[in-house]
Student: 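So that we are looking at the same thing, I have put the structure below in structure tokens.
By convention in this document, chain letters (A, B, ...) are assigned in the order of the sequence lines, proteins followed by strands, and residues within each chain are numbered from 1.
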Protein chains: 2
Amino acid sequence: MLDQTADLDRVFQALADPGRRVMMERLSQGPASVSELAQPLAMSLAAVLQHVQVLEASGLVRSQKSGRTRTCSINPAALRSAEQWISARRALWERRLDRLGEVLETSPPEDGTTGER
Amino acid sequence: MLDQTADLDRVFQALADPGRRVMMERLSQGPASVSELAQPLAMSLAAVLQHVQVLEASGLVRSQKSGRTRTCSINPAALRSAEQWISARRALWERRLDRLGEVLETSPPEDGTTGER
DNA sequence: GCAATACTCAAGTGCATGCTTGACCAAACG
DNA sequence: CGTTTGGTCAAGCATGCACTTGAGTATTGC
């Protein structure tokens, strides 16, 4: 089985940088070149390229060179995996809250043997 | 004004660490103390505490002390904000693909062999 | 050919992160 | 009481990250 853990590491790490999120926002409107991505960002082209490489290593972005320009585009599958991890945890938590609500109606707070599932 | 950007920074940064995600997975099953969170993690209690502080600063986790134990629990609102950011970008991208339709699928140099590294 | 464009590579710098150890405090327990 | 248990604070350290500059390569356009 795949080491999904390291993969999620890279995805969340990639999304943790505000500049990279700006790039993702730009890319969600459509493909763009490296220098287009650089435009709103007040940093050197070389720095932007490094960000692109981080995004690519995480799988969030794919790119290909044609001529002298590199065109980047979003890979929605990687976004989906991060989204699913989050929503699964949230769903678990909220389902638990539901159960807890029912228990509080009838039981005293102390329940020593919590038979999980 | 609310700087949602810095907030998302902290949330994604918090989720980028595998140990912290393990803690979130544990917490999604229900509240836990710091030492319970530490149990599967092969690091010192002090280190775990620092992780808890990161999670708390991001808003993903809340905690309160009663007696000598600190009990941590998930705050689903923060999870939801990250989830929404991701799904919004993915939705934009996918809507764009819809609008453009199959027309853009022109000039494939080769068939869909996306070269995985 | 020559110059501008678009990117790429390497090395270096400064600050943030993830961890450690050691001292310390306070609640629980015998 | 004293000891264990659960947590907290403060340095300190090693690594990683986000940049920079400077040089270099491949295309495009004149």
Side-chain angles (χ1 to χ4, degrees), chain A residues 5-24 26-27 30-73 109-110 112, chain B residues 3 5-24 26-27 30-73 107 109 115 117:
Chain A
T5 299
D7 232 357
L8 278 179
D9 269 25
R10 282 185 283 267
V11 170
F12 284 127
Q13 184 74 55
L15 292 178
D17 184 89
R20 286 194 291 260
R21 281 205 309 284
V22 167
M23 293 183 200
M24 288 297 287
R26 169 66 186 79
L27 286 175
S33 68
V34 175
S35 41
E36 277 170 341
L37 291 178
Q39 233 174 134
L41 279 185
M43 65 178 74
S44 73
L45 237 202
V48 172
L49 182 61
Q50 287 170 45
H51 284 302
V52 167
Q53 285 163 353
V54 169
L55 287 170
E56 239 182 318
S58 77
L60 285 166
V61 160
R62 297 209 175 132
S63 76
Q64 54 182 355
K65 239 185 142 164
S66 84
R68 64 183 165 174
T69 72
R70 171 173 301 277
T71 303
C72 307
S73 53
E110 180 62 35
Chain B
D3 194 357
T5 300
D7 230 358
L8 278 179
D9 269 25
R10 282 186 282 266
V11 170
F12 284 126
Q13 184 74 51
L15 292 178
D17 184 90
R20 286 193 292 259
R21 280 204 310 284
V22 166
M23 294 184 200
M24 288 296 287
R26 168 65 187 79
L27 288 175
S33 69
V34 175
S35 42
E36 277 171 340
L37 291 178
Q39 228 170 165
L41 278 184
M43 66 177 74
S44 73
L45 237 202
V48 172
L49 181 61
Q50 286 170 42
H51 283 302
V52 167
Q53 285 163 353
V54 168
L55 287 170
E56 238 181 318
S58 76
L60 285 166
V61 160
R62 299 213 174 123
S63 76
Q64 55 182 355
K65 241 187 139 162
S66 83
R68 64 180 166 176
T69 72
R70 172 172 300 276
T71 304
C72 307
S73 53
S107 74
R117 307 168 270 179

Student: Taking the side chain of Arg68(A) as heavy atoms from C-beta outward, which of dT5(D), dG7(D), dT28(D) is closest to it?
Tutor: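 It is dT28(D).
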
Student: For the atom pair OG (Ser73(A)) and CZ (Arg62(A)), what is the distance rounded to the nearest 0.5 Å?
Tutor: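 Interatomic distance, Ser73(A) OG to Arg62(A) CZ, rounded to 0.5 Å: 8.0 Å.
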
Student: Starting at CD of Glu36(B), measure out to SG of Cys72(B) and round the result to the nearest 0.5 Å.
Tutor: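 One finds 9.5 Å between CD of Glu36(B) and SG of Cys72(B).
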
Student: Hey, is the side chain of Arg70(B) poking within less than 4.0 Å of OP1 or OP2 on dT8(D), counting only N and O atoms?
Tutor: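 Answer is yes, contact under 4.0 Å.
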
Student: Applying the side chain to side chain contact (heavy atoms under 4.5 Å, CB included) test to Arg20(A), which of Leu37(A), Val61(A), Val54(A), Val52(A) qualifies?
Tutor: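 Passing option: Val54(A).
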
Student: Any chance the side chains of Ser58(A) and Gln13(A) put a donor and an acceptor closer than 3.5 Å?
Tutor: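 Side chains of Ser58(A) and Gln13(A): no pair found under 3.5 Å.
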
Student: What is the distance, rounded to the nearest whole Å, between atom NZ of Lys65(A) and atom P of dT5(C)?
Tutor: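 Rounded to whole Å, this separation is 16 Å.
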
Student: Measuring from Leu49(A):CG to Ser35(A):OG, what's the distance to the nearest 0.5 Å?
Tutor: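 Leu49(A) CG to Ser35(A) OG: 11.0 Å, rounded to 0.5 Å.
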
Student: Counting side-chain heavy atoms from CB outward, which of dC19(C), dG7(D), dT8(D) is closest to Ser35(B)?
Tutor: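 The answer is dG7(D), which lies nearest to the side chain.
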
Student: Just how far, in rounded Å, is P of dC15(C) from CG of Asp17(A)?
Tutor: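 My rounded result for the distance is 18 Å.
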
Student: Verify, without hydrogens or angle tests, whether Arg21(A) (side chain) and Leu15(A) (backbone) share a donor-acceptor contact under 3.5 angstrom.
Tutor: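 Such a contact is found between Arg21(A) side chain and Leu15(A) backbone.
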
Student: In residues 43-53 of chain A, which residues come under 4.0 Å of DNA chain C by heavy atom?
Tutor: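 Under 4.0 Å from DNA chain C: Leu45(A), Ala46(A), Leu49(A).
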
Student: Select from Gln13(A) and Gly67(A) the residue whose nearest nucleotide in DNA chain D is closer to the 5' end of that strand.
Tutor: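 It is Gln13(A), whose closest nucleotide lies nearer the 5' terminus.
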
Student: List the steps, then state whether side-chain contact (heavy atoms from CB on, under 4.5 Å) holds for Met43(A) with His51(A).
Tutor: CA-CA 11 Å; Met43(A) 65 178 74; His51(A) 284 302; 3.7 Å; yes

Student: So which one's nearest nucleotide on DNA chain C is more toward 5', Val54(B) or Thr69(A)?
Tutor: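 Looking at the nearest nucleotide for each, Thr69(A) comes out on the 5' side.
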
Student: Atom CG of Asp9(A) and atom P of dT17(C): how far apart are they, to the nearest Å?
Tutor: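 Going from CG in Asp9(A) over to P in dT17(C) covers 15 Å.
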
Student: Between the opening five pairs and the closing five pairs of the helix from dG1(C)-dC30(D) to dA27(C)-dT4(D), how far apart are the helix axes, to 10°?
Tutor: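 It works out to 30° between the end axes.
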
Student: In whole Å, I'd like the distance from the CG atom of Leu41(B) to the C1' atom of dG18(C).
Tutor: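 Distance, rounded to whole Å: 13 Å.
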
Student: Let me know the distance between CZ of Arg21(A) and P of dA18(D), rounded to the nearest Å.
Tutor: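 Answer to the nearest Å: 12 Å.
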
Student: What integer distance in Å separates Glu56(A):CD from dC7(C):P?
Tutor: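 Atom CD in Glu56(A) sits about 13 Å away from atom P in dC7(C).
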
Student: Decide yes or no on side-chain contact (heavy atoms from CB on, under 4.5 Å) for Leu60(A) and Arg10(A), but give the supporting numbers first.
Tutor: CA-CA 9 Å; Leu60(A) 285 166; Arg10(A) 282 185 283 267; over 6 Å; no

Student: Dump the intermediate steps for side-chain contact (heavy atoms from CB on, under 4.5 Å) on Val22(B) and Arg26(B), then the final yes or no.
Tutor: CA-CA 6 Å; Val22(B) 166; Arg26(B) 168 65 187 79; 5.6 Å; no

